[in-house]
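Just so you know, these numbers use all the heavy atoms, side chains as well, and skip hydrogens, waters and symmetry mates. These numbers were taken from a predicted model, which means no experiment stands behind them.
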Amino acid sequence: MNDRATSGVETPRVGAGLPRAEKLYLNRDLTWLQFNRRVLHEAVDERTPLLDRVACLAIFSSNLDEFYQKRVGTLKRQIAAGLNNRTPDGLTPQEQLAAIRAQIVDLQKLQNECYRQSIRPALAKHQIHLLSWAEMTDAERDFAISYFHANLFPVLTPLSVDPGHPFPFISNLSLSLGVLLRHPDRPVRGQADVTPFQFARVKVP
């Protein structure tokens, strides 16, 4: 399977101008990205069953999440510590980060095009729709509002940040909102004895 040919994305050349011995080695982070490219190829390939294509898009993204946490984080810590040791293939941490970014920008562009131009229209043909609020009918909006008030609103818990409350722990791979709170029965801006807004974090369930 030639995923480079089918994806239309060229792999950036790494190692040009390096000594001959260093060209014999492959960078482990860049080769890992080539593995994830093959996962994405399964989503791009229209011969793959539709829901399997959706799953491959999700797997591709979760793989990148872990890659950034483990490998990109490690490279950034090396740079912050002033370590510039080259890997066996001849790259410094800075050069590895630059090569990683070049590949990931292309991969994510391909992922977005696959989702918007191929997978989402294919899902719609099977009556599976991902709608924005503006695209919903009145009945669908009423259902969404009722669902929110019955199932989501009760578990929304703002965690305030002030001198008496340290910044709350943000769990890994979670989505949070930063909000400004004000007591509803206290004066608003422009009135006497204004109570300042308070910052809080709300974890999206």
Side-chain angles (χ1 to χ4, degrees), residues 1-12 14 26-77 96-137 140-141 143-148 150-157 168-179 201-205:
M1 176 175 65
N2 188 341
D3 56 290
R4 177 190 287 186
T6 54
S7 69
V9 177
E10 287 293 332
T11 303
V14 177
L26 297 175
N27 183 275
R28 71 172 181 175
D29 293 333
L30 299 180
T31 53
W32 185 93
L33 288 176
Q34 290 306 304
F35 153 75
N36 210 29
R37 180 189 295 274
R38 292 181 174 87
V39 175
L40 180 58
H41 173 264
E42 292 300 311
V44 174
D45 191 346
E46 295 184 357
R47 297 170 298 179
T48 305
L50 180 57
L51 293 183
D52 288 344
R53 296 176 67 194
V54 175
C56 286
L57 282 187
I59 294 169
F60 170 83
S61 292
S62 64
N63 284 348
L64 276 187
D65 286 338
E66 182 177 357
F67 179 78
Y68 264 84
Q69 292 172 73
K70 301 287 187 179
R71 298 302 311 148
V72 173
T74 297
L75 290 171
K76 288 192 173 184
R77 285 193 293 272
Q96 290 179 82
L97 282 181
I100 286 169
R101 175 172 173 76
Q103 288 202 32
I104 289 179
V105 166
D106 283 340
L107 288 172
Q108 290 191 315
K109 179 181 178 181
L110 177 61
Q111 182 193 28
N112 290 334
E113 290 175 351
C114 174
Y115 169 72
R116 295 180 182 277
Q117 300 176 14
S118 180
I119 289 181
R120 187 169 180 176
L123 289 172
K125 292 180 181 178
H126 292 276
Q127 302 303 311
I128 301 175
H129 302 282
L130 301 173
L131 303 177
S132 68
W133 187 257
E135 294 171 320
M136 293 182 179
T137 65
E140 290 168 339
R141 293 179 187 177
F143 173 81
I145 291 172
S146 297
Y147 183 88
F148 171 80
N151 298 283
L152 299 181
F153 184 73
V155 297
L156 294 179
T157 306
F169 171 76
I170 297 180
S171 53
N172 192 31
L173 300 178
S174 64
L175 179 64
S176 296
L177 302 178
V179 297
R201 170 252 186 171
V202 181
K203 182 176 180 179
V204 177

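- Interatomic distance, C114 SG to L107 CG, rounded to the nearest 0.5 Å: 12.0 Å.
- Looking only at side-chain heavy atoms (C-beta outward), E135 and E140 stay at 4.5 Å or farther from each other.
- Within the model, atoms CG of L30 and CH2 of W32 stand 11.5 Å from one another, a figure rounded to the nearest 0.5 Å.
- With S62 contributing its side chain and I59 its backbone, the two residues share a donor-acceptor pair below 3.5 Å.
- Within the 4.5 Å cutoff, the side chain of L57 has heavy atoms near those of the Y115 side chain.
- Across all non-hydrogen atoms, the minimal contact from S171 to R201 is N-NH2, 4.0 Å.
- Side chain of R141 to backbone of W133: a donor-acceptor contact under 3.5 angstrom is found.
- A donor-acceptor pair is defined here as one N or O able to donate and one able to accept, closer than 3.5 Å; such a pair exists between the side chain of R120 and the backbone of L130.
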Pair R53-T48, side-chain hydrogen bond (donor to acceptor under 3.5 Å, both in side chains): steps then yes or no
CA-CA 6 Å; R53 296 176 67 194; T48 305; 5.8 Å; no

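- No side-chain heavy atom of V204 sits less than 4.5 Å from a side-chain heavy atom of S174.
- In this structure the side chain of T157 never reaches within 4.5 angstrom of the side chain of K203, judged on heavy atoms.
- The distance from atom CD1 of I104 to atom CD of Q111, rounded to the nearest 0.5 Å, is 11.0 Å.
- Minimum interatomic distance between I170 and S176 (heavy atoms only, all atoms of both residues): CG2-OG, 4.2 Å.
- Contact annotation: the side chain of H129 approaches that of Q127 to within less than 4.5 Å [non-hydrogen atoms, C-beta and beyond].
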Might you work through the side-chain hydrogen bond (donor to acceptor under 3.5 Å, both in side chains) test for T31 and R28, ending with a clear yes or no?
CA-CA 5 Å; T31 53; R28 71 172 181 175; over 6 Å; no

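- Note that CZ of R38 is 10.0 Å distant from NE2 of H41, once rounded to the nearest 0.5 Å.
- The shortest side-chain heavy-atom distance between L75 and I100 falls under the 4.5 Å cut-off.
- Rounding to the nearest 0.5 Å places CZ of R71 at 4.0 Å from CG of D29.
- The structure places CZ of R37 at 7.0 Å from CG of D106, a figure rounded to the nearest 0.5 Å.
- Taking every heavy atom of both residues into account, P121 and Q117 meet most closely at CG-O, 3.7 Å.
- Looking only at distances, a side-chain donor or acceptor of N151 sits under 3.5 Å from a matching main-chain atom of Y147.
- When the shell of 6.0 Å around CD of E46 is examined, it contains 12 or fewer heavy atoms from other residues, nucleotides or ligands.
- Ring planes of F153 and F148: tilted class, angle from 30 to 60°.
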